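Bear in mind that the values here come from a model prediction, so they are computed numbers and not experimental data.
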Amino acid sequence: MNALAATSRNFKNAARILGLDAKIERSLLIPFREIKVECTIPKDDGSLVSYVGFRVQHDNARGPMKGGIRYHPEVDPDEVNALAQLMTWKTAVADIPYGGAKGGIGCTPGDLSLSELERLTRVFAQKIHDLIGTHTDTMAWMLDEYSKFHGHSPAVVTGKPIDLGGSLGREAATGRGVVFGTEALLAEYGKSCKGLTFVIQGFGNVGSWAARLIHERGGKVIAVSDITGAVKNPNGLDIDELVKHKESTGSLLNFNGGDNMDPNEVLIHECDVLIPSALGGVLNRENASSVRAKFIVEAANHPTDPEADEILSKKGVIILPDIYANAGGVTVSYFEWVQNIQGFMWDEEKVNNELQRYMTQAFHNIKSMCKTYDCNLRMGAFTLGVNRVARATNLRGYEA
Ligand SMILES: NC(=O)C1=CN([C@@H]2O[C@H](COP(=O)(O)OP(=O)(O)OC[C@H]3O[C@@H](n4cnc5c(N)ncnc54)[C@H](O)[C@@H]3O)[C@@H](O)[C@H]2O)C=CC1
Ligand SMILES: O=C(O)CCC(=O)C(=O)O
């Protein structure tokens, strides 16, 4: 099932549970605006190359439409649409005053030089300069292009470098939010990270920060994978050393504190908590019945398709859904926006404490929806988010 069909199915289930009016349901499903742009740039050798860029603005009932930009060869309009819709429910679950959007450029970033990537990002920003999103140095270029049209406007872009008005704590925020969410979930079962076993797919920004913070709390990260391969150690990998190994060799493989393993085994490796932190759709009907984790924390966007969701739920696996679990990133982006508007920079401790407060509160709000509607955490999160957006839509009178 493609990402859009899967996301829309979850939304429709939530709408049914909430008894939403059909007109509101339809208006919430259709994106506010979809933009497709051609981005042609000169390559370093002087030849021209064209890419397609997308920006989908899904809903603005609760505030400005917010969401990052994905650079990936498989970016397509349906996927960007699904990710934009997820942002709408995510910002509502986190209770931050934003709507949802997402951007995507169909390219292989690793095949582009830094200056080609800069040119591509600048052309994309020129084409959509009243619409914008996330991610550090690309964000500096976005900000620069945007400011050419509208004057210096730091609050329009988040995920900026600190020297340009970025927030302390944004880099680690999604992984940190994943860990705060995991702690809130485990506390329900009288557990904490300490002594539990964790498996993490993806060792980029989100996966590596989640791994570091779990390791710091005494959790045993027993297997990790990325695009280069996978590594395991049943006694727990030393994550700080693994980060250094990855930095120096460019790969997870041949780490002397663990053994190489088959990356295809990672998602079905026995553990207490599995954290997919790489790609969408990785848990599907092919592998769901082989999963041996007790809990799944969805750090990636839409890692579990609805068929896998059903299989896992029948097996009794508890899933902490993406629209909650990875909301730490956009929450700290919101703090960045607040700091830019206030012209006042918070210290990192304040950022992290506020993030914990938001994540803990959102978890309790989800649990309360689960109780009211007798549903699982995914539907608890969807009903929470959809209900907030529907209420705002009704108050604004959009459906008349
Ligand atoms: N960075 C952020 O603030 C947020 C990220 N997310 C989601 O989290 C996920 C990861 O994002 P980032 O860490 O920022 O990206 P990243 O690009 O920094 O890291 C992605 C990681 O996944 C690995 N990977 C790629 N293909 C793989 C495969 N087939 N098997 C195993 N590993 C593979 C890469 O090697 C890399 O380690 C994505 O789904 C993203 O949408 C969600 C919310 C916020
Ligand atoms: O930080 C942001 O504004 C966007 C984060 C994002 O794109 C996501 O949560 O998927």
Asker: Any idea which heavy atoms bring Gly99 and Thr91 closest together, and the distance?
Answerer: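 In terms of heavy atoms, the two residues are closest at O-OG1, 3.5 Å.
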Asker: Show your working on side chain to side chain contact (heavy atoms under 4.5 Å, CB included) between Tyr189 and Ile318 and close with a plain yes or no.
Answerer: CA-CA 11 Å; Tyr189 296 85; Ile318 308 294; 3.5 Å; yes
Asker: Between OG1 of Thr197 and NZ of Lys220, what distance do you get to the nearest 0.5 Å?
Answerer: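 If I round to the nearest 0.5 Å, the distance is 7.5 Å.
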Asker: Under the criterion side chain to side chain contact (heavy atoms under 4.5 Å, CB included), I'd like the reasoning laid out for Leu168 against Ile162: C-alpha separation, chi angles, the key distance, then a yes or no.
Answerer: CA-CA 7 Å; Leu168 294 170; Ile162 305 295; 4.1 Å; yes
Asker: Using a 4.5 Å cut-off on heavy atoms from C-beta on, say whether the side chain of His72 contacts that of Val75.
Answerer: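 Yes - at least one pair of side-chain heavy atoms lies under 4.5 Å apart.
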Asker: To the nearest 0.5 Å, what is the distance between CD1 (Ile69) and NZ (Lys102)?
Answerer: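 Going from the CD1 atom of Ile69 to the NZ atom of Lys102 covers 9.5 Å.
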Asker: Tell me, with the steps shown, if His302 and Leu83 meet side chain to side chain contact (heavy atoms under 4.5 Å, CB included).
Answerer: CA-CA 8 Å; His302 74 88; Leu83 291 167; 3.8 Å; yes
Asker: Is it true that Glu118 and Arg122 have a side-chain N and a carboxylate O under 4.0 angstrom from each other?
Answerer: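 Salt bridge between Glu118 and Arg122, a charged N being under 4.0 Å from a carboxylate O: yes.
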Asker: In the structure I gave you, are the side-chain heavy atoms of Arg378 and Thr304 within less than 4.5 Å of one another anywhere?
Answerer: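 Arg378 reaches Thr304 side chain to side chain.
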Asker: More than 12 heavy atoms of other residues, nucleotides or ligands under 6.0 Å from NZ of Lys194: yes or no?
Answerer: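 Atom NZ in Lys194 is not packed in, count stays at 12 or less.
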Asker: Report yes if some heavy atom in the side chain of Lys350 is under 4.5 Å from a heavy atom in the side chain of Asp347; otherwise report no.
Answerer: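 Yes - at least one pair of side-chain heavy atoms lies under 4.5 Å apart.
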Asker: Distance-only, no hydrogens or angles: does the Arg388 side chain make a donor-acceptor pair with backbone N or O of Ala92 under 3.5 Å?
Answerer: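 Such a contact is found between Arg388 side chain and Ala92 backbone.
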Asker: Relative to the ring of Tyr358, is the ring of Phe335 parallel (under 30°), tilted (30 to 60°) or perpendicular (over 60°)?
Answerer: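 Taking Tyr358 first and then Phe335, their aromatic rings stand perpendicular (interplane angle over 60°).
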Asker: So with a 6.0 Å cut-off around CZ of Arg285, is the heavy-atom count from everything else above 12?
Answerer: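 No.
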Asker: Please indicate whether Glu241 has more than 12 foreign heavy atoms, meaning atoms of other residues, nucleotides or ligands, lying under 6.0 Å from its CD.
Answerer: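 Result for CD/Glu241: enclosed.
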Asker: Might you point out which heavy atoms bring Asn287 and Ile268 nearest each other, and give the distance in Å?
Answerer: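 So the minimum-distance heavy-atom pair works out to O-CG2, 4.0 Å.
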Asker: Pairing donors with acceptors under 3.5 angstrom, does anything connect the side chains of Gln361 and Asn365?
Answerer: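 Present: a donor and an acceptor within the cut-off.
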Asker: For Arg212, is there an ion pair with Glu171 - N to carboxylate O distance below 4.0 angstrom?
Answerer: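 Arg212 and Glu171: not salt-bridged.
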Asker: Between Asn205 and Thr174, is there a side-chain donor-acceptor contact under 3.5 Å, judged purely by atom types and distance?
Answerer: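 On atom types as modelled, these side chains do not qualify, holding no pair under 3.5 Å.
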Asker: Report the residue from Val231, Asn260, Thr249 that forms a side chain to side chain contact (heavy atoms under 4.5 Å, CB included) with Asn254.
Answerer: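 That would be Asn260; it is the only one of Val231, Asn260, Thr249 passing the side chain to side chain contact (heavy atoms under 4.5 Å, CB included) with Asn254.
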Asker: Look at atom NZ of Lys36 and say whether more than 12 heavy atoms of other residues, nucleotides or ligands are closer to it than 6.0 Å.
Answerer: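 Check fails, neighbour count at 12 or below.
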Asker: Using atom types as modelled and distance alone, determine if a side-chain donor or acceptor of Asn340 lies under 3.5 Å from a backbone N or O of Gly165.
Answerer: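 Checking the backbone N and O of Gly165 against the side chain of Asn340, a donor-acceptor pair under 3.5 Å is found.
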Asker: Do the side-chain N and O atoms of Lys246 and Ser208 include a donor-acceptor pair separated by under 3.5 angstrom?
Answerer: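 Checked: Lys246/Ser208 side chains show no N/O donor-acceptor pair below 3.5 Å.
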Asker: Report the relative orientation of the aromatic rings in Phe255 and His245; use parallel for angles under 30°, tilted for 30 to 60°, perpendicular for over 60°.
Answerer: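 Ring orientation, 0 to 90° scale: tilted.
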Asker: Parallel, tilted or perpendicular: which describes the rings of His58 and Trp89, with under 30° parallel and over 60° perpendicular?
Answerer: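 Judged by the thresholds at 30° and 60°, the geometry between His58 and Trp89 is perpendicular.
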Asker: With respect to Glu336, which candidate in Lys66, Lys160, Arg170 satisfies the salt bridge (charged side-chain N to carboxylate O under 4.0 Å, His left out) definition?
Answerer: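 One option only clears the test, and that one is Lys160.
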Asker: Is it the case that the side chain of Lys315 and the backbone of Ser289 share a donor-acceptor pair, with hydrogens and angles ignored and the cut-off at 3.5 Å?
Answerer: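 Side chain of Lys315 to backbone of Ser289, a donor-acceptor pair under 3.5 Å: yes, one is there.
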Asker: Should we say atom CD of Glu349 is surrounded by more than 12 heavy atoms from elsewhere, each under 6.0 Å from it?
Answerer: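 Not more than 12 within 6.0 Å, no.
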Asker: For Leu185, which of Val273, Leu320, Ile366 qualifies under side chain to side chain contact (heavy atoms under 4.5 Å, CB included)?
Answerer: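 The residue from Val273, Leu320, Ile366 that satisfies side chain to side chain contact (heavy atoms under 4.5 Å, CB included) with Leu185 turns out to be Leu320.
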Asker: Quick one: does any side-chain atom of Thr393 pair with a main-chain N or O of Val389 as donor and acceptor, under 3.5 Å?
Answerer: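 Judged by distance alone, yes, a pair lies under 3.5 Å.
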Asker: Enter the distance from Ile17:CD1 to Thr372:OG1 here, rounded to the nearest 0.5 Å.
Answerer: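 Going from the CD1 atom of Ile17 to the OG1 atom of Thr372 covers 11.5 Å.
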Asker: Supply the atom-to-atom distance Leu143 CG to Lys148 NZ, rounded to the nearest 0.5 angstrom.
Answerer: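 The CG atom of Leu143 sits 11.0 Å away from the NZ atom of Lys148.
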Asker: Determine yes or no for a side-chain-to-main-chain donor-acceptor pair under 3.5 angstrom, with Thr383 supplying the side chain and Gly380 the backbone.
Answerer: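 Confirmed, Thr383 side chain pairs with Gly380 backbone.
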Asker: Does the ring center of Phe124 lie less than 6.0 Å from the ring center of Tyr71?
Answerer: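 No, too far apart.
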Asker: Quick one: does Pro154's side chain get under 4.5 Å of Leu164's, heavy atoms only?
Answerer: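 A side-chain contact under 4.5 Å is absent here.
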Asker: Is there a donor in the side chain of Glu145 and an acceptor in the side chain of Trp141, or the other way round, less than 3.5 Å apart?
Answerer: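 No pair is found: no donor N or O on one side chain lies under 3.5 Å from an acceptor on the other.
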Asker: If you round to the nearest 0.5 Å, how far is CE of Met65 from CZ of Phe32?
Answerer: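 The distance works out to 4.5 Å.
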Asker: Of the non-hydrogen atoms in Ile222 and Gly236, which two are nearest, and what is the gap between them?
Answerer: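 So the minimum-distance heavy-atom pair works out to CG2-N, 4.1 Å.
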Asker: Check whether any side-chain heavy atom of Pro31 sits under 4.5 Å from a side-chain heavy atom of Gln85, and report yes or no.
Answerer: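 No; the side chains remain at least 4.5 Å from each other.
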Asker: Are any of the side-chain nitrogens in Arg357 or Glu354 under 4.0 Å away from the carboxylate oxygens of its partner?
Answerer: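 Answer for the salt bridge query: yes.
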Asker: Please answer whether the main-chain N or O of Gln356 pairs with a side-chain N or O of Thr360 as donor and acceptor at a distance below 3.5 Å.
Answerer: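 At least one qualifying donor-acceptor pair exists.
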Asker: Indicate yes or no: at least one non-hydrogen side-chain atom of Phe203 is less than 4.5 angstrom from one of Thr228.
Answerer: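 No; the side chains remain at least 4.5 Å from each other.
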Asker: Going by the side chain to side chain contact (heavy atoms under 4.5 Å, CB included) test, name the single residue among Leu377, Asn376, Leu283, Asp309 that passes it with Ile319.
Answerer: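 Going through Leu377, Asn376, Leu283, Asp309 one by one, the side chain to side chain contact (heavy atoms under 4.5 Å, CB included) with Ile319 is satisfied by Asp309 alone.
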Asker: Measure the spacing between CG of Asn353 and CD of Glu348 and express it to the nearest 0.5 Å.
Answerer: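 Answer for the CG-CD pair, Asn353 versus Glu348, is 10.5 Å.
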Asker: Can a donor-acceptor pair be found, under 3.5 Å and without considering hydrogens, that links the side chain of Gln201 to the backbone of Pro276?
Answerer: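 No, Gln201 side chain to Pro276 backbone: no donor-acceptor pair under 3.5 Å.
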Asker: Between the side chains of Gln339 and Ser167, does any donor sit under 3.5 Å from an acceptor?
Answerer: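 Checked: Gln339/Ser167 side chains pair up, N/O donor to acceptor below 3.5 Å.
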Asker: Please confirm whether the backbone N or O of Glu188 pairs with a side-chain atom of Lys367, one donor and one acceptor, at under 3.5 Å?
Answerer: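 No, Lys367 side chain to Glu188 backbone: no donor-acceptor pair under 3.5 Å.
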Asker: Quick one: are Leu274 and Leu267 in side-chain contact, heavy atoms under 4.5 Å?
Answerer: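 They are in side-chain contact.
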Asker: Phe149: what forms a ring pair (Phe, Tyr, Trp, His ring centres under 6.0 Å) with it, not counting sequence neighbours?
Answerer: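 Phe149: ring pair (Phe, Tyr, Trp, His ring centres under 6.0 Å) contacts with His129.
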Asker: Search all heavy atoms of Leu117 against all heavy atoms of Pro109 and return the closest pair with its distance.
Answerer: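 For Leu117 and Pro109, the tightest heavy-atom pair comes out as CD1-CB, 4.5 Å.
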Asker: Quick one, Glu310 and Lys314 - any side-chain contact, counting heavy atoms below 4.5 Å?
Answerer: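 A side-chain contact exists here, since the closest heavy-atom pair is under 4.5 Å.
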Asker: Give the minimum heavy-atom separation between Val224 and Leu237, together with the two atoms involved.
Answerer: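 Taking every non-hydrogen atom into account, CG2-CD1, 4.0 Å.
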Asker: For Asn352 versus Gly169, what's the shortest heavy-atom pair and its separation?
Answerer: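 Shortest heavy-atom contact: OD1-CA, 4.5 Å.
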Asker: Can you check whether Ala392's main-chain N or O pairs, donor with acceptor, with Arg396's side chain at less than 3.5 Å?
Answerer: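 No.
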Asker: Take Asp44 and Arg119 through the side chain to side chain contact (heavy atoms under 4.5 Å, CB included) test and state the conclusion after the steps.
Answerer: CA-CA 10 Å; Asp44 292 343; Arg119 285 196 286 280; 2.7 Å; yes
Asker: Under a 4.0 Å threshold between the charged nitrogen and the carboxylate oxygen, would Lys232 count as salt-bridged to Asp259?
Answerer: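 Answer for the salt bridge query: no.
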